[in-house]
Amino acid sequence: MSKETRRPGENDPGSIVVTKTRAKTKRPNLYRVLLINDDYTPMEFVVHVLERFFNKGREEATRIMLHVHHHGVGECGVYTYEVAETKVTQVMDFARKHQHPLQCVMEKK
């Protein structure tokens with residue numbers, strides 16, 4: 001945006017021009033956090049992960065877990081890069097600690 005100011009009575013090229021620029025903020029890219037199905041991780045463990053790391057209620061966590069089970073992959077949530085990366089790391093560390101091969105990934109939306 002620009003704003004032009006002239007002194008009264010001045011029409012010559014030496015007039016004062018004041019330009020005001022406004023910084024445009026851009027929305028951050030969003031990333032989907034996905035759980036990938038495997039044949040070894042117990043369903044109840046997946047529900048627990050969804051409740052603990054994605055703040056899902058029991059019913060929604062169960063619905064997502066069943067979607068992962070039937071379709072091979074399911075979305076846990078959509079976050080900014082840093083948040084998505086943290087969630088993936090937390091889930092992977094938690095699964096590894098409990099000796100489950102559960103995989104969690106992120107992809108740009």
Visitor: Answer yes or no: is there a donor N or O on one side and an acceptor on the other, between the side chain of His100 and the main chain of Tyr40, under 3.5 Å?
Guide: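 No, because the side chain of His100 does not come within donor-acceptor range (under 3.5 Å) of the backbone of Tyr40.
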
Visitor: Any side-chain heavy atom of Val73 within less than 4.5 Å of one from Leu35?
Guide: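 Sidechains of Leu35 and Val73: no contact.
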
Visitor: Where do Leu34 and Met106 land on the side chain to side chain contact (heavy atoms under 4.5 Å, CB included) test, with the steps shown first?
Guide: CA-CA 6 Å; Leu34 307 170; Met106 59 190 255; over 6 Å; no

Visitor: List the steps, then state whether side chain to side chain contact (heavy atoms under 4.5 Å, CB included) holds for Val33 with Cys104.
Guide: CA-CA 7 Å; Val33 176; Cys104 186; 3.5 Å; yes

Visitor: Can you tell me how far apart CG (Leu66) and CG (Asn37) are? Round to the nearest 0.5 Å.
Guide: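 It is 10.5 Å, given to the nearest 0.5 Å.
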
Visitor: Pair Val88, Val105 - check side chain to side chain contact (heavy atoms under 4.5 Å, CB included), show working.
Guide: CA-CA 6 Å; Val88 168; Val105 297; 5.7 Å; no

Visitor: Please check: side-chain N/O of Lys87 versus main-chain N/O of Phe53, any donor-acceptor pairing under 3.5 Å?
Guide: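 Yes; judged by distance alone, with no hydrogens or angles, the pair exists.
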
Visitor: Looking at NZ of Lys20 and CZ of Arg22, how far apart are the two atoms once the value is rounded to the nearest 0.5 Å?
Guide: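 The CZ atom of Arg22 is 6.5 Å from NZ of Lys20, to the nearest 0.5 Å.
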
Visitor: To the nearest 0.5 Å, tell me how far Thr62 OG1 sits from Met43 CE.
Guide: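 These two atoms lie 10.5 Å from each other.
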
Visitor: Test: salt bridge (Lys or Arg N to Asp or Glu O under 4.0 Å). Region: residues 60-73. Which pairs qualify, not counting sequence neighbours?
Guide: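 Found Lys56-Glu60, Glu60-Arg63.
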
Visitor: Which atoms form the tightest heavy-atom contact between Ala61 and Glu51, and what is the distance?
Guide: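 That would be CB-CG, 4.0 Å.
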
Visitor: Name the atoms and distances for all side-chain donor-acceptor pairs under 3.5 Å in residues 74-82, with sequence neighbours left out.
Guide:
{"unit_1": "Glu75", "atom_1": "OE1", "unit_2": "Arg32", "atom_2": "NE", "d": "2.5"}
{"unit_1": "Glu75", "atom_1": "OE1", "unit_2": "Arg32", "atom_2": "NH2", "d": "3.3"}
{"unit_1": "Tyr81", "atom_1": "OH", "unit_2": "Glu85", "atom_2": "OE2", "d": "3.4"}

Visitor: Find out whether Tyr31 and Lys109 are in side-chain contact, i.e. whether some heavy atom of one side chain is under 4.5 Å from a heavy atom of the other.
Guide: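 Of all side-chain heavy-atom pairs linking Lys109 with Tyr31, none is under 4.5 Å.
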
Visitor: Filter on salt bridge (Lys or Arg N to Asp or Glu O under 4.0 Å), then keep only pairs touching residues 38-47, sequence neighbours left out; what's left?
Guide: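 As it turns out, the salt bridge (Lys or Arg N to Asp or Glu O under 4.0 Å) pairs with a partner in residues 38-47, which skip direct neighbours, are Glu44-Arg58.
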
Visitor: Counting C-beta onward and ignoring hydrogens, is there a side-chain heavy-atom pair between Val68 and Ile36 closer than 4.5 Å?
Guide: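 No; the side chains remain at least 4.5 Å from each other.
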
Visitor: Nearest 0.5 Å, please: how far is CD in Glu59 from CD1 in Ile64?
Guide: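 Here the rounded value is 11.0 Å.
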
Visitor: Measure the CZ-CG distance between Arg52 and Leu50 for me, rounded to the nearest 0.5 Å.
Guide: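 Taking CZ in Arg52 and CG in Leu50, the distance rounds to 13.0 Å.
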
